[in-house]
Asker: 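Shown below is the structure under consideration.
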There are 2 protein chains.
Amino acid sequence: MANASKIEAKPTPAKPCSVETALDVIGGKWKGVILYHLIDGKKRFSEFRRLYPKLTQFMLTLQLRDLERDGLVHRQVYGEVPPRVEYSLTEYGRTLEPIILAMKAWGQTYQARQGMAAEADQECE
Amino acid sequence: MANASKIEAKPTPAKPCSVETALDVIGGKWKGVILYHLIDGKKRFSEFRRLYPKLTQFMLTLQLRDLERDGLVHRQVYGEVPPRVEYSLTEYGRTLEPIILAMKAWGQTYQARQGMAAEADQECE
DNA sequence: CCCAATAGTATGATTTTTCATACTTAATCT
DNA sequence: AGATTAAGTATGAAAAATCATACTATTGGG
């Protein structure tokens, strides 16, 4: 039927919901944990790889570049060989700290609720 | 998900990082906004459809079922015809309010920073 | 009888993500 | 000379997410 729906299509809002926006920026599969690990100091590329062996180089690069482009993470390249690159939170990135930490706390209650295995993994309890 | 074939060196930590867990639960493309809209009261299925015409029925159903399964959202079915179903936050779901609201506030600063179009859309400014 | 209304399901197709693997670069170590 | 190192790129394949469309049930109204 041609006229099946009376739901009006708004002309695709130029500005999406700000909750949506926030989740676009921090909500990927890995961005949250990357940001979390940056809260307590800068990290090298290889440190992230050690922290999360399941996170491939490709994905790590991708996510870090996104975070950098969005102004949350600073990428410091040292002109050495072998290369050294350090990632850290920008001042703006630090404004996310309360949210990341609140998510961590909430995630813990959720895990407890769902009876998830209780052994802490050492990197992010 | 079956890894019966081989014993892995790292046995795939039973409990992932809690930040990751939280983002699994609230971090989908639509879950954040669904939760946000539930903060100020229950909503019917069709209300969500009006609020977000780009969110298909299929996806809406899927996300709502996830949220229900995770204990965040209550689904109240009234035995009427045509059907009426109301979704609301559970008590546990309400524990997410501060996070959702913080994300909304942060998202606004981000949008301002990125010079996103400033006209508020009425449903989620 | 036929239609409209609501809250979905079912399906196959398409789009987007993610993965595994191999490759690069340039200085230092053996 | 050849191996090693860190921080990536590049590529094609595989997996997952999402979409568009059609379909269901029920019942009051015309």
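What you see below is based on every heavy atom in this structure, not just the backbone, and it leaves out hydrogens, waters and symmetry mates.
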Asker: Which of the following nucleotides, C/dA5, D/dA7, D/dT9, is nearest to the side chain of A/T61?
Answerer: D/dT9
Asker: Look at A/S46 and D/dA7 and indicate whether a side-chain polar atom (N or O) is within less than 4.0 Å of OP1 or OP2.
Answerer: yes
Asker: In whole Å, what is the span from the CG atom of A/L55 to the P atom of C/dT17?
Answerer: 16 Å
Asker: Give the nucleotide from the list C/dA26, D/dC19, C/dG8 with an atom nearest to the side chain of B/M59.
Answerer: D/dC19
Asker: How close do A/V19 and B/V33 get, heavy atom to heavy atom, and via which atoms?
Answerer: CG1-N, 4.2 Å
Asker: Using a heavy-atom cut-off of 4.0 Å across all strands, would you classify A/R49 as base, sugar-phosphate, or nothing?
Answerer: nothing
Asker: Report the nucleotide, chosen from D/dA7, D/dC19, C/dT6, that has the shortest atom-to-atom distance to any side-chain atom of B/P83.
Answerer: C/dT6
Asker: Measure CD/A/E80 against P/C/dT28 and give the value in whole Å, please.
Answerer: 10 Å
Asker: Tell me the interatomic distance from A/Q57, atom CD, to C/dT21, atom P, rounded to whole angstroms.
Answerer: 13 Å
Asker: Less than 4.5 Å apart, any side-chain heavy atom of A/R44 and any of A/R49?
Answerer: no
Asker: Would you say a side-chain N or O of B/R65 is under 4.0 Å from OP1 or OP2 of C/dT9?
Answerer: yes
Asker: If I compare all heavy atoms of A/K104 with all of B/S18, which pair ends up nearest, and what's the gap?
Answerer: CG-OG, 3.2 Å
Asker: What is the distance, to the nearest angstrom, from the NZ atom on B/K54 to the P atom on D/dA20?
Answerer: 10 Å
Asker: Can you label the angle between the B/Y110 ring and the A/Y92 ring as parallel, tilted or perpendicular, going by 30° and 60°?
Answerer: parallel
Asker: For a quick test of reading the model, state the closest non-hydrogen atom pair linking B/L67 to B/V25 and the distance between them.
Answerer: CD2-O, 4.0 Å
Asker: Could you state the CH2-P distance from B/W30 to D/dT18, rounded to the nearest angstrom?
Answerer: 10 Å
Asker: I need the CG-C1' distance between A/L60 and C/dT17, as an integer number of Å.
Answerer: 16 Å
Asker: Give a yes/no answer on whether the side chain of B/R84 brings an N or O atom under 4.0 Å of OP1 or OP2 in C/dA5.
Answerer: no
Asker: So what does B/F48 touch, heavy atoms closer than 4.0 Å: a base, only the sugar-phosphate, or nothing?
Answerer: nothing
Asker: Let's see if you can work this out: which of C/dA27, D/dT27, C/dA7 has an atom nearest to the side-chain heavy atoms of A/V81?
Answerer: C/dA27
Asker: Which comes earlier along DNA chain C counting from the 5' end, the contact point of B/V77 or that of A/T56, where each point is its nearest nucleotide?
Answerer: B/V77
Asker: Would you say D/dT26 has OP1 or OP2 under 4.0 Å from some side-chain N or O of B/Y78?
Answerer: no
Asker: A/R44 side chain N/O closer than 4.0 Å to the phosphate oxygens (OP1, OP2) of D/dA6?
Answerer: no
Asker: Using atom CD of B/E86 as one end and atom P of C/dG8 as the other, report the distance to the nearest whole Å.
Answerer: 12 Å
Asker: In whole angstrom, what separates A/L62's CG from C/dT17's P?
Answerer: 9 Å
Asker: Check this for me: does any side-chain nitrogen of one of B/E97 and B/R94 sit under 4.0 Å from a carboxylate oxygen of the other?
Answerer: yes
Asker: If you check the B/F58 side chain, which of D/dC19, D/dA10, D/dA6 turns out closest?
Answerer: D/dC19
